[in-house]
Enquirer: 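This structure is in structure tokens; I'll ask about it shortly.
Computed from a prediction, not measured in an experiment: that's the story for all the values here.
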Amino acid sequence: MKKLLYLTTWDFSDGPSTGITKKIKAQIHVFEKSGFSVDYTYISDNRMYFCKNGKRIALGKVGKLRKLAGNFFLYRVLKKAKYPYVYNRYGLMDHYYHKILKVLFKNGSRTIVEIPTYPYDKECPKGFSWWLLYTIDKIYRGYMDKYIYKIAAYDTMDKKVFCSEVVPIVNGIDFRAVLPVRSVEKTADIHLIAVAGLADWHGYDRLLKGMGEYYKKRGNRNIIFHIVGDGEPIVLYKKLIKKYKMNKHVMFHGVKTGLALDEIYNQCDIGIEVLGGHRKGIALSSSLKSREYAAKGLPFVTSCYIDVFDDMDFVLKFPADETPINMEAVVTFYDKIYKNKDRQAVINRIRNQSKEKCDIYQTMIPILKAFDE
């Protein structure tokens, strides 16, 4: 059996980004189903872990240094490790991260590095510490091509990234693990949902401003926006809600997972994908969130070109700028999707069409082929 290391410092603890954890576990499952024996690494509950031969080994506490400390612990246990194949979910490069890739290469590994978002420099949060981490990353990533085989990238049409050949891939999720929304008796209200670890580039302020303008002009449809997640933008969102007097139109649910999240989804009609990708230089999106909405059977709204969904009738696209979202267009979109149609049939159609394009078992095929070349 082929031996593979899935290398990551992603935090598997429950939180706003559990969707990524689910995706990583699904990728590991695909590798295993494809004939690989997989060891893997991750952070959970403030500790770095190494799962080797089915046994979980705690390497040490990571504290506030998080990935920096995690890479230090990983280097100590991997510097003599021999894996013919390595799949690495990219985190910001640092000294020990660089050394890990270097020793794995010297020990005979063929490493494919997955970059979740490219380019990502504009994602840098404010503050000196983040500026320093991104600066260190820029230095070390320039040497990465010496030690890796290829880069798997979602959001680029470039042939090379960081001087390495690109394996173009699209994001996928395990449809078996996502329950479709349950068809319930609906009122005339329109329920929108956004599920995210909230950041400025999600652009939900554009939707709130659009809702505010809609009601200033005496819009007559009752629209409820469900925000599921947490993050700094909530401060701005609450100011906009107060400005436009929209308390009854916006609900903050905090971070929800599992059945609690499913219950909120079951109330909702339309997903809200990224509306501010232009703020970090992203025009082409392969987001997990678009896949989750589609797997749930929900149409969704975006301002990005969504790789596998751009020609789908269940996607409403707005300009990638700072204009408020036109809620009249959202209402028209809602009516086009649902009016005089069986709701369960709509859910099933969206889910089935999406599964053909972005089920994890399909989207991992280019990676498997790259390893076999």
Side-chain angles (χ1 to χ4, degrees), residues 16-17 19 171 173 178 181 189-215 219 221-234 236-238 240-241 244 246 249-256 261-280 282 285-306 309-310 312-338 346-347 350 354:
S17 297
N171 234 333
I173 62 173
V178 180
V181 290
D189 298 345
I190 300 174
H191 289 261
L192 314 177
I193 183 170
V195 185
L198 301 174
D200 170 68
W201 51 268
H202 286 113
Y204 300 146
D205 52 293
R206 293 183 64 196
L207 185 78
L208 292 170
K209 290 174 183 176
M211 289 175 63
E213 294 301 318
Y214 176 76
Y215 287 114
R221 298 291 284 273
N222 187 31
I223 302 169
I224 311 296
F225 183 24
H226 299 262
I227 299 177
V228 184
D230 201 0
E232 290 185 8
I234 283 182
L236 171 61
Y237 299 167
K238 289 184 175 179
L240 291 171
I241 292 165
Y244 290 110
M246 294 192 300
H249 294 288
V250 183
M251 296 182 66
F252 292 99
H253 295 275
V255 177
K256 299 292 182 183
L261 177 57
D262 287 339
E263 286 303 313
I264 300 170
Y265 263 122
N266 288 337
Q267 302 174 46
C268 295
D269 310 295
I270 297 174
I272 307 299
E273 211 257 342
V274 171
L275 299 175
H278 59 282
R279 296 175 182 175
K280 61 172 183 173
I282 297 296
S285 174
S286 191
S287 73
L288 280 177
K289 196 52 56 187
S290 65
R291 276 73 174 152
E292 183 172 315
Y293 293 146
K296 283 287 187 183
L298 289 180
F300 61 89
V301 173
T302 184
S303 68
C304 291
Y305 168 77
I306 307 289
F309 293 137
D310 203 58
M312 294 296 189
D313 66 348
F314 56 80
V315 179
L316 176 62
K317 190 171 183 294
F318 284 98
D321 56 30
E322 294 300 318
T323 56
I325 296 301
N326 182 343
M327 298 309 295
E328 289 285 0
V330 174
V331 170
T332 299
F333 176 62
Y334 169 87
D335 288 338
K336 177 184 174 184
I337 293 289
Y338 291 110
V346 171
I347 293 167
I350 293 174
S354 305

Enquirer: Minimum heavy-atom separation for His226 to Cys268, with atom names?
Expert: CD2-SG, 3.6 Å

Enquirer: Identify which one of Ile325, Leu236, Leu275 satisfies the side chain to side chain contact (heavy atoms under 4.5 Å, CB included) criterion when paired with Asp205.
Expert: Leu236

Enquirer: Counting C-beta onward and ignoring hydrogens, is there a side-chain heavy-atom pair between Leu240 and Met246 closer than 4.5 Å?
Expert: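 No. Closest side-chain heavy atoms not under 4.5 Å.
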
Enquirer: Indicate the atoms forming the closest heavy-atom contact of Ile223 with Tyr215, along with that distance.
Expert: N-OH, 2.9 Å

Enquirer: Kindly indicate whether a cation-pi arrangement holds for Lys238 with Phe252, taking the cut-offs as under 6.0 Å to the six-membered ring centre and within 45° of the axis.
Expert: yes

Enquirer: Heavy-atom count check: over 12 atoms from other residues, nucleotides or ligands less than 6.0 Å from Glu322 CD?
Expert: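 For Glu322, atom CD is crowded (more than 12 foreign heavy atoms under 6.0 Å).
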
Enquirer: Do Phe300 and Phe333 make a side-chain contact, defined as non-hydrogen atoms from C-beta onward lying under 4.5 Å apart?
Expert: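 Answer no - side chains too far apart.
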
Enquirer: Please report the closest heavy-atom contact between Phe309 and Ser290, naming both atoms and the distance.
Expert: CE1-O, 3.8 Å

Enquirer: In the structure I gave you, are the side-chain heavy atoms of Val274 and Lys289 within less than 4.5 Å of one another anywhere?
Expert: no

Enquirer: Check whether any side-chain heavy atom of Asp310 sits under 4.5 Å from a side-chain heavy atom of Lys317, and report yes or no.
Expert: yes

Enquirer: Under 3.5 Å, is there a donor-acceptor pair between the side chain of Asp230 and the main chain of Gly254?
Expert: no

Enquirer: What's the verdict on side chain to side chain contact (heavy atoms under 4.5 Å, CB included) for Tyr265 and Leu298, showing C-alpha distance, side-chain angles and the deciding distance?
Expert: CA-CA 9 Å; Tyr265 263 122; Leu298 289 180; 3.7 Å; yes

Enquirer: Considering only heavy atoms from C-beta outward, does the side chain of Tyr244 approach that of Leu208 to under 4.5 Å?
Expert: no

Enquirer: State, yes or no, whether a side-chain contact exists between His249 and Asn222 at a heavy-atom distance under 4.5 Å.
Expert: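 His249 reaches Asn222 side chain to side chain.
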
Enquirer: Check whether any side-chain N or O of Arg291 sits under 3.5 Å from a backbone N or O of Ile173 as a donor-acceptor pair, and report yes or no.
Expert: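 No, Arg291 side chain to Ile173 backbone: no donor-acceptor pair under 3.5 Å.
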
Enquirer: Taking side chain to side chain contact (heavy atoms under 4.5 Å, CB included) as the criterion, tell me which of Val315, Ile272, Leu192 meets it with Val301.
Expert: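 When side chain to side chain contact (heavy atoms under 4.5 Å, CB included) is applied between Val301 and each of Val315, Ile272, Leu192, only Ile272 qualifies.
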
